[in-house]
Peer 1: 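Mind looking over this structure? Questions follow.
Residue numbers count from 1 along this sequence.
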Amino acid sequence: MDNVFIPFSSSGLPQGSKLSTYLTSRVPDRPELSSALSGLTLSPAGKGRGLGPSARPFTPESTANGSPPQSAAAPAGPATAAGPPGQEAADAAPLFEENVGGTTYYFRAEDAAVQKSAEPPTITPPYTAYVAPPARLSDAQAATHPASFFVSDQLREAILRQQHVLLMQANPQAFPDLPTEVDNYHELCPLEPPGQPHKSSTFGYVTSAYKATNTKSGQCYCLRRIHGLRLSGTKCLQLVALWSKVNHSNLVTLRELFTTKSFGDNSVVMVYDFLPAAETLMARHFSQPPQLNGFADPFQDPSIPRPYSAQKNAVLRQQNALIPEPLIWSYVIQLTGALRQVHSSGLACRVLDPSKILVTGSDRLHINCCGVLDVLLFDNNATNPLAMVPHYQQEDLVSLGKLLLALSCNSLLAVQRDNFSTSISIVERHYSADLKALIMSLLMPPRPRTIEDVMPLIGARFYQQLDTSGRLAERLEDELGREVQNGRLFRLLAKMSAITERPELNLEPSWAETGDRYMLKLFRDYVFHAVTDEGRPFLDMAHVVQCLNKLDAGSSDKICLMSRDMQNVLVATYAELKQCFQRSFQEVFEETLAKEDAAAS
């Protein structure tokens, strides 16, 4: 075998080695490799940036003499390299070689260690992509809205509605007695609109709800105020502490409880998470008046006497607008999941009422006001406050059965004793036998049951709810993907706006009209001020997005830029415009830093 001489560069790597372009961070050469670096190993996927299992020390002298390369287990000593006449032998640490994809890379372990430590944990790809929605979502979206660069109008309106509720303020003229601050909360706003009763009765106590902002965290919470209640002891705070630890997606979490006189009386305030733009289950399904062949029921007015026949057949008149069974099963799974979390924590819900269950988004339920009855009906003389919890848990199951029966018949009258047989017959005629069996097992159990006994009655419908949740998550991820690149484009436009049409910089009034800035001004006109052949404005969002993306990526595509007086025509690439853009913004940025340093000194 002929001797092979490998010339070395000043960096210590063989000339022609691809690794020399990768290693940008260097450390001073050392005479020998430390024991820590001698045991350094990296995965083979490093593409030559580290030591893989097949990597071994490489000495050009041994290769040139035809002897096999030194093994990785060999002691790491000073390496000598044979080269062309007049070239000195390298005295750096031994070189390693690694063959990846048919290409041999040469490197030293210390360079690999420095490069590995200098690499960030994640690398943003240097390209941008606007893709169409997945095939499993495109068919469903085609019927609602076409593909675009932004989220759908329905989702945007829902988010804006929630933000509007979060930012709403109380009218001081409508609520003159509303305090400006209660404990650590301020900006109180009643959740009921003005002109309507904003107080409700709960077991003889008047309660009201307010939206408030925490002064420490800045988060919005719901304050449930119990009017005229004085706590006779602090034992009930133990139950509040237990409720604050219960966390479930279908449960409104109780945060804290405190007493206050800010409202002019002795009030107890319970702080819950705030769900903006939520409505109760009562308003969603039971607030609409029943229809009689397209006409409203005349006996809905309490002032009109209701005959016996109208009261007896009130449940039967609700069959024209029954709730779909898949929606009822969705409610069953959500409610039983929340009850399972509550019961496993040693507590009872006790508020399974349509007026205490909130609905948000795509029919997501949230049990509200948990813990209120535990505070109102707390017995300070009881030795064990949790002794009645098993009894209350049985009541939760019965309340769940009543709620499902009312939803199935679309009437609150369905749970009355006189209408029970009629209600069950409606469920039997219009719904499956599984739903009837679930309702009967909750209302008339043969023995005390637990929430775990209800789970087998739901059966495989858990998978349907899981599939629905997965499809919702995929749709929201697709909507989020439409906005991923918009933040980057906004930053690009913000930088360009800071450069173009600037009055002066460094006392130079013509700075924005000369040099690189003139190119950017023409590019701005090309993107936003284009016109058609007839002279009408050319407004095309795809044109704007495409030009900005090519500028950000530094594409090699060429464009023709023309001045407004049509006297100057320039042909430039997006890569050249990007260089002009970076240099111009760097000047503005450095001038800003200089003024800040001068002001600080």
Peer 1: According to the side-chain hydrogen bond (donor to acceptor under 3.5 Å, both in side chains) rule, which pairs have a member within residues 525-541, sequence neighbours left out?
Peer 2: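 Sorted pair list: Asp525-His529, Asp525-Arg564, Thr532-Glu534.
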
Peer 1: Specify the closest pair of heavy atoms between Leu492 and Leu548, including all atoms of both residues, with the distance to one decimal.
Peer 2: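 Closest approach of Leu492 to Leu548: CD2-O, 3.5 Å.
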
Peer 1: Verify, without hydrogens or angle tests, whether Ser584 (side chain) and Phe581 (backbone) share a donor-acceptor contact under 3.5 angstrom.
Peer 2: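 The answer is no, because no donor-acceptor pair under 3.5 Å joins these two groups.
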
Peer 1: Could you pull out the closest heavy-atom pair between Val246 and Gln341, with the gap in Å?
Peer 2: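 Shortest heavy-atom contact: CG1-CG, 4.0 Å.
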
Peer 1: Please enumerate all residues that pass salt bridge (Lys or Arg N to Asp or Glu O under 4.0 Å) together with Arg255, with sequence neighbours excluded.
Peer 2: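 With neighbours one apart ignored, the set is Asp273.
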
Peer 1: Check salt bridge (Lys or Arg N to Asp or Glu O under 4.0 Å) between Glu483 and all other residues, then give those that pass, not counting sequence neighbours.
Peer 2: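 Scan of Glu483 (salt bridge (Lys or Arg N to Asp or Glu O under 4.0 Å), adjacent residues dropped) gives none.
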
Peer 1: Can you see which heavy atom on Ile323 is nearest to which on Leu327, and at what distance?
Peer 2: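 So the minimum-distance heavy-atom pair works out to CG2-CD2, 3.6 Å.
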
Peer 1: What's the separation between atom CG in Leu275 and atom CG in Leu358, rounded to the nearest 0.5 Å?
Peer 2: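 Reported value, rounded in 0.5 Å steps: 6.0 Å.
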
Peer 1: Identify, with sequence neighbours excluded, every residue that meets side-chain hydrogen bond (donor to acceptor under 3.5 Å, both in side chains) alongside Tyr331.
Peer 2: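 By the side-chain hydrogen bond (donor to acceptor under 3.5 Å, both in side chains) rule, Tyr331 matches His285.
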
Peer 1: Taking only residues two or more places apart in sequence, or in another chain, which ones meet Glu501 in a side-chain hydrogen bond (donor to acceptor under 3.5 Å, both in side chains)?
Peer 2: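 Partners of Glu501 under the side-chain hydrogen bond (donor to acceptor under 3.5 Å, both in side chains) test: Arg524.
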
Peer 1: So which heavy atom on Glu479 is nearest to which on Ser152, and how close?
Peer 2: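 In terms of heavy atoms, the two residues are closest at OE1-N, 2.9 Å.
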
Peer 1: What distance separates Thr360 OG1 from His366 NE2, expressed to the nearest 0.5 Å?
Peer 2: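 These two atoms lie 3.0 Å from each other.
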
Peer 1: Do Thr215 side-chain atoms and Asn184 backbone N/O form a donor-acceptor pair below 3.5 Å?
Peer 2: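 Yes; at least one donor-acceptor contact below 3.5 Å.
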
Peer 1: Measure the spacing between CE of Met270 and CH2 of Trp243 and express it to the nearest 0.5 Å.
Peer 2: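 So the gap between those two atoms works out to 9.5 Å.
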
Peer 1: Take a 6.0 Å sphere around CZ of Phe589 and say whether it holds more than 12 heavy atoms from other residues, nucleotides or ligands.
Peer 2: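 Counting other residues, nucleotides and ligands, CZ of Phe589 stays at 12 neighbours or fewer.
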
Peer 1: Is the closest side-chain heavy-atom distance between Val571 and Ile559 below 4.5 Å?
Peer 2: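 Of all side-chain heavy-atom pairs linking Ile559 with Val571, none is under 4.5 Å.
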
Peer 1: Just by distance, with hydrogens left out, do Gln334 and Asn250 show a side-chain donor and acceptor under 3.5 Å apart?
Peer 2: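 Indeed, the side chains of Gln334 and Asn250 share at least one donor-acceptor pair under 3.5 Å.
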
Peer 1: Is there a donor-acceptor pair under 3.5 Å between the side chain of Asn549 and the backbone N or O of Val545?
Peer 2: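 Flag set: sc Asn549 to bb Val545 pair under 3.5 Å.
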
Peer 1: Do Ser267 side-chain atoms and Phe263 backbone N/O form a donor-acceptor pair below 3.5 Å?
Peer 2: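 Absent.
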
Peer 1: Might you point out which heavy atoms bring Asp552 and Lys578 nearest each other, and give the distance in Å?
Peer 2: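 The pair with the smallest heavy-atom distance is O-NZ, 2.9 Å.
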
Peer 1: Distance to the ring centre below 6.0 angstrom and angle to the axis at most 45 degrees; does that hold for Arg224 and Tyr272?
Peer 2: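 Here Arg224 fails the 6.0 Å and 45° test against Tyr272.
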
Peer 1: Under the side-chain hydrogen bond (donor to acceptor under 3.5 Å, both in side chains) rule, collect the residues that match up with Gln567, sequence neighbours excluded.
Peer 2: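 Per chain and number, Gln567 pairs via side-chain hydrogen bond (donor to acceptor under 3.5 Å, both in side chains) with no residue.
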
Peer 1: If a pair satisfies salt bridge (charged side-chain N to carboxylate O under 4.0 Å, His left out) and one of its residues is in residues 157-177, list it, with sequence neighbours excluded.
Peer 2: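 Counting only pairs at least two positions apart or across chains, no salt bridge (charged side-chain N to carboxylate O under 4.0 Å, His left out) contact touches residues 157-177.
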
Peer 1: According to the interplanar angle, ranging from 0 to 90°, do the rings of His543 and Phe538 count as parallel (below 30°), tilted (30 to 60°) or perpendicular (above 60°)?
Peer 2: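 Ring orientation of His543 relative to Phe538: perpendicular.
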
Peer 1: So how far is it from Cys189 SG to Leu178 CG, rounded to the nearest 0.5 Å?
Peer 2: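 Rounded to the nearest 0.5 Å, the SG-CG separation comes out at 8.0 Å.
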
Peer 1: Between Thr253 and Ser244, does a side chain to side chain contact (heavy atoms under 4.5 Å, CB included) hold up when you go through it step by step?
Peer 2: CA-CA 6 Å; Thr253 306; Ser244 62; 5.6 Å; no

Peer 1: Would you please say whether a donor-acceptor pair under 3.5 Å links the side chains of His227 and Ser208?
Peer 2: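 Their side chains do contain a donor-acceptor pair, which is all the 3.5 Å distance test asks for.
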
Peer 1: Just so I know, are the side chains of Tyr210 and Cys222 near enough to count as touching, which here means a heavy-atom distance under 4.5 Å?
Peer 2: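 SC-SC contact between Tyr210 and Cys222 ruled out.
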
Peer 1: Sequence neighbours left out, what passes salt bridge (Lys or Arg N to Asp or Glu O under 4.0 Å) with Lys261? Give chain and number order.
Peer 2: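 With neighbours one apart ignored, the set is empty.
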
Peer 1: How far does CG of Leu191 sit from CG of Leu223, to the nearest 0.5 angstrom?
Peer 2: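 So the CG of Leu191 and the CG of Leu223 are separated by 9.0 Å.
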
Peer 1: Compare all side-chain heavy atoms of Cys370 with those of Val252 and state whether any distance is below 4.5 angstrom.
Peer 2: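 No - every pair of side-chain heavy atoms lies 4.5 Å or more apart.
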
Peer 1: So do Cys547 and Val527 actually touch side chain to side chain, heavy atoms under 4.5 Å?
Peer 2: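 SC-SC contact between Val527 and Cys547 confirmed.
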
Peer 1: Looking only at non-hydrogen atoms, find the nearest pair between Tyr185 and Ala212 and report the distance.
Peer 2: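 Residues Tyr185 and Ala212, closest heavy atoms: CB-CB, 3.9 Å.
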
Peer 1: Looking at Glu474 and Arg471, is any side-chain nitrogen of the basic one under 4.0 Å from a carboxylate oxygen of the acidic one?
Peer 2: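 Answer for the salt bridge query: no.
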
Peer 1: Quick one: which residue pairs count as a salt bridge (charged side-chain N to carboxylate O under 4.0 Å, His left out) with a foot in residues 581-592, not counting sequence neighbours?
Peer 2: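 Listed once each, the pairs are Asp516-Arg583, Arg517-Glu587, Glu591-Lys595.
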
Peer 1: Checking Arg502 side chain against Ala498 main chain: does a donor-acceptor pair fall under 3.5 Å?
Peer 2: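 Confirmed, Arg502 side chain pairs with Ala498 backbone.
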
Peer 1: Please walk me through it: do Ser563 and Tyr518 pass side chain to side chain contact (heavy atoms under 4.5 Å, CB included)?
Peer 2: CA-CA 9 Å; Ser563 61; Tyr518 183 70; 3.4 Å; yes

Peer 1: Look at the side chain of Thr573 and the backbone N and O of Glu576, then say whether any donor-acceptor pair between them is shorter than 3.5 Å.
Peer 2: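 A pair under 3.5 Å: yes.
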
Peer 1: For Glu187, check salt bridge (Lys or Arg N to Asp or Glu O under 4.0 Å) against everything at least two apart and list the hits.
Peer 2: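 Once residues adjacent in sequence are excluded, Glu187 has no partner under the salt bridge (Lys or Arg N to Asp or Glu O under 4.0 Å) criterion.
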
Peer 1: When you measure from the side chain of Lys356 to the backbone of Val351, do you find a donor-acceptor pair of N or O atoms at a distance under 3.5 Å?
Peer 2: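 Checked: no pair found.
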
Peer 1: Quick check against the 3.5 Å criterion: does Thr213 have a side-chain atom that pairs as donor or acceptor with the backbone of Gly218?
Peer 2: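 Answer holds: no.
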
Peer 1: Near Phe490 CZ, under 6.0 Å, is it more than 12 heavy atoms from other residues, nucleotides or ligands?
Peer 2: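 Not more than 12 within 6.0 Å, no.
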
Peer 1: Would you please name every residue forming a ring pair (Phe, Tyr, Trp, His ring centres under 6.0 Å) with Tyr574, sequence neighbours left out?
Peer 2: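 Ring pair (Phe, Tyr, Trp, His ring centres under 6.0 Å) list for Tyr574, sorted by chain: empty.
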
Peer 1: With side-chain hydrogen bond (donor to acceptor under 3.5 Å, both in side chains) as the test, pick out the partner of Ser330 among Gln464, Arg364, Gln465.
Peer 2: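 So the option named by the test is Gln465.
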
Peer 1: So Leu561 and Val569, do their side chains get closer than 4.5 Å, heavy atoms only?
Peer 2: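 Val569 does not reach Leu561 side chain to side chain.
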
Peer 1: Just to verify, what does Arg156 make a side-chain hydrogen bond (donor to acceptor under 3.5 Å, both in side chains) with, not counting sequence neighbours?
Peer 2: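 Residues passing side-chain hydrogen bond (donor to acceptor under 3.5 Å, both in side chains) with Arg156: Asp153.
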
Peer 1: Enter the distance from Asn368:CG to Ile357:CD1 here, rounded to the nearest 0.5 Å.
Peer 2: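 Here the interatomic distance stands at 10.0 Å.
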
